[in-house]
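For this chain, numbers begin at 1 and follow the sequence in order. No hydrogens, no waters, no symmetry mates; every other heavy atom, side chains included, goes into these values.
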Amino acid sequence: GTKGITSPAQIYAILDGALPASYKIDSEVIDFTPRLLSGDQHSLEIDVKDVDEKPNRWKPPLEAAVIFKGLILDVGAKTLSLPAPPKLKMEFYGDSITQGILLLSKTPGPDGSDATQDYAFLTARAFDALHNQVGFGRQGVLREGFGEVPPAPQSFGWNYQGSRADRSFVPDVVVVNHGTNDLIYSSEKFLPAYHDYIKLMRQAYPRAFIFCLRPFGGYHEAEIKSVVESLADTKIIYVDTTRWLVESDYTDGMHPSASGHFKAARELIRAIATKTHRKVVNPIE
């Protein structure tokens with residue numbers, strides 16, 4: 001779907017396990033198979049590289065989105081049932097860092113961004129987990145995001161305004177990376193807001209491990225740690241990210257580069273494996 005879209009998103013298509021091919025969604029039809037395929041059965045994986053953080057992506061009609069309408073198949077071809085999904089489910093909540101903004105370069109928009117090289121995507125892949133990666137640029141617990149997105153507690157549980165997230169998806173592990181964009185708010189305002197946000201998550205997912213990350217830049221780290229300690233829940237865990245990244249691991253001083261995300265993922269994978277005793281299926285090296 002391209003109607004009303006002012007900034008086309010970018011996706012990757014992986015056909016039969018080959019290397020990802022990048023596409024800009026600026027046409028209603030994309031030919032993923034320009035060459036004749038050999039064999040009778042094929043697999044197609046589509047991953048979102050980036051949806052522009054700046055245009056309206058919350059209030060319909062959306063100006064930035066991936067709208068998948070279906071597949072056009074050859075005569076006689078048919079779709080097959082999906083294989084059984086991974087048993088482990090993970091969910092990541094954050095801002096532009098979790099979205100993968102400016103991961104590739106300082107170029108704004110989808111060209112400089114890549115959610116599939118992001119710490120969240122890499123972490124989920126390491127555990128062979130089915131995952132949701134929820135990141136909205138500029139969003140905080142108190143601060144509104146770009147694209148008319150409300151603060152994190154108000155967007156929790158929604159794809160966009162009027163569209164509820166899939167309630168059948170119940171994660172075993174939740175990772176929260178918020179606080180960076182709340183640096184403009186005082187501790188007195190941030191602490192109770194973060195407390196209520198984590199409580200909201202606990203109510204939604206009573207059995208999940210909830211990992212509360214110290215933002216990579218250290219913003220509101222004392223308040224986040226204090227909230228985790230005050231909740232006294234053995235499955236709500238504070239993750240100290242101090243020294244995970246250094247200055248050279250960022251593209252602009254705020255957003256990690258691809259190598260920075262890789263380093264963060266490696267540390268986060270270790271922290272999750274230690275606390276949950278989940279096996280790392282696809283180690284990253």
Side-chain angles (χ1 to χ4, degrees), residues 1-11 24-26 28 46-70 89-102 108-110 113-116 118 120-121 124 130-171 174-185 189-190 192-206 208 210 215 255:
T2 59
K3 184 178 180 180
I5 300 297
T6 60
S7 179
Q10 294 181 15
I11 60 174
K24 179 184 289 187
I25 308 179
D26 54 4
E28 290 188 351
I46 297 176
D47 298 320
V48 179
K49 178 176 179 284
D50 188 57
V51 176
D52 198 337
E53 63 176 340
K54 295 292 180 67
N56 171 31
R57 53 189 297 200
W58 189 256
K59 298 178 180 179
L62 305 178
E63 296 176 337
V66 174
I67 304 169
F68 181 75
K69 291 189 172 183
K89 296 181 176 66
M90 305 181 79
E91 208 154 61
F92 298 81
Y93 288 92
D95 44 42
S96 58
I97 293 173
T98 301
Q99 188 182 333
I101 296 295
L102 301 184
S113 307
D114 192 337
T116 70
D118 178 281
F121 196 96
L130 191 65
H131 85 286
N132 288 331
Q133 189 170 333
V134 185
F136 293 108
R138 200 184 68 178
Q139 189 192 57
V141 177
L142 291 165
R143 193 176 187 184
E144 295 180 349
F146 287 126
E148 311 213 26
V149 178
Q154 284 73 58
S155 66
F156 179 75
W158 298 86
N159 299 311
Y160 53 86
Q161 184 174 285
S163 174
R164 280 200 172 275
D166 181 5
R167 294 185 177 183
S168 68
F169 187 96
V170 180
V174 178
V175 176
V176 183
N177 189 5
H178 270 298
T180 299
N181 291 306
D182 293 304
L183 60 89
I184 60 175
Y185 297 99
K189 288 186 177 180
F190 178 80
Y194 191 86
H195 177 277
D196 291 347
Y197 182 44
I198 301 303
K199 287 282 287 183
L200 177 67
M201 288 193 169
R202 171 52 79 220
Q203 290 167 5
Y205 307 132
I210 300 176
H255 297 87

[Y] side chain reached by [X] side chain, heavy atoms, under 4.5 Å:
X: V149; Y: R57; answer: yes
X: Y93; Y: V174; answer: yes
X: S113; Y: Q99; answer: no
X: V141; Y: P151; answer: no
X: Y197; Y: V176; answer: yes
X: F156; Y: V134; answer: no
X: H131; Y: F121; answer: yes
X: N132; Y: D166; answer: no

Could you tell me the separation between the CD1 atom of I97 and the CG atom of D118, rounded to the nearest 0.5 Å? 9.0 Å

Look up atom NE2 in H178 and atom CZ in F136, then write down how far apart they are to the nearest 0.5 Å. 9.0 Å

My understanding is that only one of R138, H255, E53 makes a side chain to side chain donor-acceptor pair (under 3.5 Å) with S96; could you say which? H255

With distance as the sole criterion, is a donor-acceptor pair present between the side chains of D50 and Q10 under 3.5 Å? no

Do S155 and Q139 have side-chain atoms, one donor and one acceptor, less than 3.5 Å apart? yes

With no hydrogens and no angle check, is any side-chain donor or acceptor of K89 less than 3.5 Å from a backbone partner on F169? no

